[in-house]
Protein chains: 2
Amino acid sequence: MGTAPAISPSTPRSSILDIAVRLFGSQGYTGTSMRDIAKAFGVLPGSLYAHIDSKETLLVEIVETGINHFLEAVEPIAAAEGSAGMRLRDAIRAHIIVVTENPERSLVVFHQWRFLGDDYREAAIAKRQRYERAFIRILEDGIAEGVFDQSLNVRIAVLTILGALNWTPEWYSPKGTASPAEIGDMMANMLLRSLMFKG
Amino acid sequence: MGTAPAISPSTPRSSILDIAVRLFGSQGYTGTSMRDIAKAFGVLPGSLYAHIDSKETLLVEIVETGINHFLEAVEPIAAAEGSAGMRLRDAIRAHIIVVTENPERSLVVFHQWRFLGDDYREAAIAKRQRYERAFIRILEDGIAEGVFDQSLNVRIAVLTILGALNWTPEWYSPKGTASPAEIGDMMANMLLRSLMFKG
DNA sequence: CCTACCGATCGGTAGG
DNA sequence: CCTACCGATCGGTAGG
C-alpha cells in the first residue's frame, strides 16, 4: 500500500551532490574543479552534465538545503511554549546536531555562500538573518522574563552564541570522545550561563 | 640621531600584500587570480613578479604574520601575573583588538591556511595549537583557583570561546555603533560568566 | 557515459 | 614595468 518511503534515494545526482559537499567543504568552491568531482564520481568530466546543469547549481542546492536544515530545526523551538532558558538550550542542542550530522555541509553553508550569484546570495543572506532572528527572539523573551541580563546587547550576544556554534565544524570529529549531544549540552550550559545576571 | 622609525614602509611589496589580504579575504585564495591583484595594484600581471616570488608566497606571509599578531598579543597575557579571570578578560579583549584592526587579514588567517603547502600548513597548525594552549592555561589556572567551574571540559570550553571570538570578522564593521573595545568588553563579560559556578 | 573539443583563464617567464 | 608568450587547466558542449 502507498508509495515506498523515498528516503535519500541514491540517484546519480544525489551522489554527485554528496561529493560536491565533501570537496567544496575541504577545498572550497573555487578550489574545486568539475574534474575533481568527476574523478571522485568515477566518470569523465563531460559526463557530469548528464546529471547536473552547472557547477553553480551544485552550490545553490547545497547551501539552500543546508540552511533549511538549520531553520527547520530551530524556528519551531524559538516559537514554542516554554521558558526562554529551555528554548535556548533546545535551540543550541538542535544547532549542534545539525552541524555534526554533516560538518562538511555546514562548512559550505557557513563559508561558501559568498560564491553564489547575486540573487541566490541575497536569498541566502535573508535566510541567515531569519535564523538570527529566531535567536534574537529567544533572548528578548528571556530578558522580558527577567532571567537574562537586561543590560545585554542582544545583537552581539546572539552573534557571540552563533559564533561559538558555527565554529564547531572546524574542530568536531565523529571520532572524538564527546558525542554531538554531549557537546550540545556543554555548550548550552556555558552559553546559558553567559546570559545570566551576576547575582 | 639613529635611524628613522621604519613603521610600515609603503614599499610596492607591502602594497601588494595589502591588496592580497583584501582579495584573499573577500574572494578566497583560490578565487583570487594574480590578474586580480595586478589590476588592483595598477600594473600588468607579469609585472607583479618583480616584487614577489609567487602567489603562495603572498599567502604564506599573510598567514604567518597574521598568526604572529595573535600570539604576540595573547601569550604574554597568559603568562602574566594576576588572577585567571583578569587574564582571560585581557586575552579576549586583546584578541578582539587584533581581529578588528584588520578583519580581512583575520579571515585569511582563519580560513585560507588550508591552501598553504604541506610544510607551511603544518607550521600554521602548530602555531594555532600554541595559541589554544595559551587559553587552556588560563582556564586551568582558573579552575585550580576555584573560580572557574571544575566540571568544565577545558578543550570544549576553549573552542567555544575561540569560536565566538573567531566569528567576529564575519560581522564586525568599523561603521557599527560598538567600538572594538566595547565589543571586547561585552564578549569578555559573557564568556567569563560562561565559566563560572552556578551558585 | 565517452570522444573530442571550444574559448577563456590560470600562474608564471624571457627579454627588453 | 611592458610586450609577448608558455603549457596547463578551467567550465562546459556537440555528437554519438
Side-chain angles (χ1 to χ4, degrees), chain A residues 9-64 104 108 111-121 124, chain B residues 9-64 104 108 111-121 124:
Chain A
S10 184
T11 62
R13 189 161 198 283
S14 71
S15 300
I16 292 168
L17 277 163
D18 288 343
I19 291 164
V21 164
R22 225 174 53 225
L23 294 177
F24 292 172
S26 57
Q27 310 173 8
Y29 176 73
T30 56
T32 301
S33 69
M34 295 307 279
R35 282 159 177 83
D36 292 335
I37 295 171
K39 193 172 184 180
F41 188 56
V43 99
L44 291 178
S47 304
L48 285 177
Y49 294 88
H51 306 289
I52 57 147
D53 287 338
S54 68
K55 189 185 180 188
E56 205 204 342
T57 299
L58 293 174
L59 184 62
V60 168
E61 187 148 331
I62 294 165
V63 171
E64 281 194 347
E104 280 144 332
V108 178
H111 299 299
Q112 305 302 313
W113 58 266
R114 296 169 196 271
F115 303 107
L116 290 169
D118 290 353
D119 289 356
Y120 290 113
R121 190 177 60 249
Chain B
S10 185
T11 62
R13 190 161 197 282
S14 72
S15 299
I16 292 168
L17 276 164
D18 287 344
I19 290 164
V21 164
R22 226 175 52 225
L23 294 176
F24 292 172
S26 57
Q27 311 171 10
Y29 176 72
T30 56
T32 301
S33 69
M34 295 307 279
R35 282 159 178 82
D36 293 334
I37 295 171
K39 193 173 184 180
F41 188 56
V43 99
L44 291 178
S47 305
L48 286 177
Y49 294 89
H51 306 288
I52 58 147
D53 287 338
S54 69
K55 189 185 179 188
E56 205 204 342
T57 298
L58 293 174
L59 184 62
V60 169
E61 187 149 330
I62 294 165
V63 171
E64 282 195 346
E104 280 143 332
V108 178
H111 299 300
Q112 304 303 313
W113 58 267
R114 296 168 195 271
F115 302 106
L116 291 169
D118 290 353
D119 289 356
Y120 290 113
R121 189 177 61 250

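Letters A, B, ... are given to chains in the order of the sequence lines, protein chains preceding strands, and every chain is numbered from 1.
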(request) Any strand is fair game: report the nucleotide pairing with C/dG16 by Watson-Crick or G-U wobble, both distances under 3.5 Å, or none. (result) D/dC1
(request) Identify the nucleotide, in any strand shown, that forms a Watson-Crick or G-U wobble pair with D/dG7, with both distances under 3.5 Å; if there is none, say none. (result) C/dC10
(message) Between B/Glu56 and B/Gly117 (side chain of the first, backbone of the second, donor and acceptor by atom type, cut-off under 3.5 Å), is there such a pair?
(response) yes
Mind calculating the distance between [atom1] ([X]) and [atom2] ([N]) to the nearest angstrom?
| X | N | atom1 | atom2 | result |
| --- | --- | --- | --- | --- |
| A/Ile37 | D/dC10 | CD1 | C1' | 13 Å |
| A/Asp53 | D/dG11 | CG | C1' | 13 Å |
| B/Arg35 | D/dC10 | CZ | C1' | 13 Å |
| A/Ile52 | D/dG11 | CD1 | P | 10 Å |
| A/Phe115 | D/dG11 | CZ | P | 13 Å |
| A/Leu44 | D/dT13 | CG | C1' | 15 Å |
| B/Lys55 | C/dT13 | NZ | C1' | 17 Å |
| B/Leu59 | C/dG11 | CG | P | 13 Å |

(message) Over all strands shown, is B/Thr32 touching base, sugar-phosphate only, or nothing at heavy-atom distances under 4.0 angstrom?
(response) sugar-phosphate
(request) Mind telling me whether B/Phe24 and B/Tyr29 have parallel, tilted or perpendicular rings, with 30° and 60° as the class edges? (result) perpendicular
(request) Could you pick out which residue, A/Ser47 or A/Asp36, lies toward the 5' side of DNA chain D when each is mapped onto its nearest nucleotide? (result) A/Asp36
(message) Taking only side-chain N and O atoms of B/Ser33, does any of them lie within less than 4.0 angstrom of OP1 or OP2 on C/dT9?
(response) no
(request) Would you indicate, yes or no, if C/dT13 has its OP1 or OP2 atom less than 4.0 angstrom from a side-chain nitrogen or oxygen of B/Tyr49? (result) no
(request) Let me know which of B/Leu23, B/Leu58, B/Ile19 forms a side chain to side chain contact (heavy atoms under 4.5 Å, CB included) with B/Thr32. (result) B/Leu23
(message) Atom CZ of residue position A/Phe41 - does it have more than 12 heavy atoms of other residues, nucleotides or ligands inside 6.0 Å?
(response) yes
(request) Among C/dC2, D/dG11, D/dC1, find the nucleotide with the atom closest to the side chain of A/Met34. (result) D/dG11
(message) Taking the basic N atoms (NZ, or NE/NH1/NH2) and the acidic carboxylate oxygens, is any pair closer than 4.0 Å for B/Arg121 and B/Asp118?
(response) yes
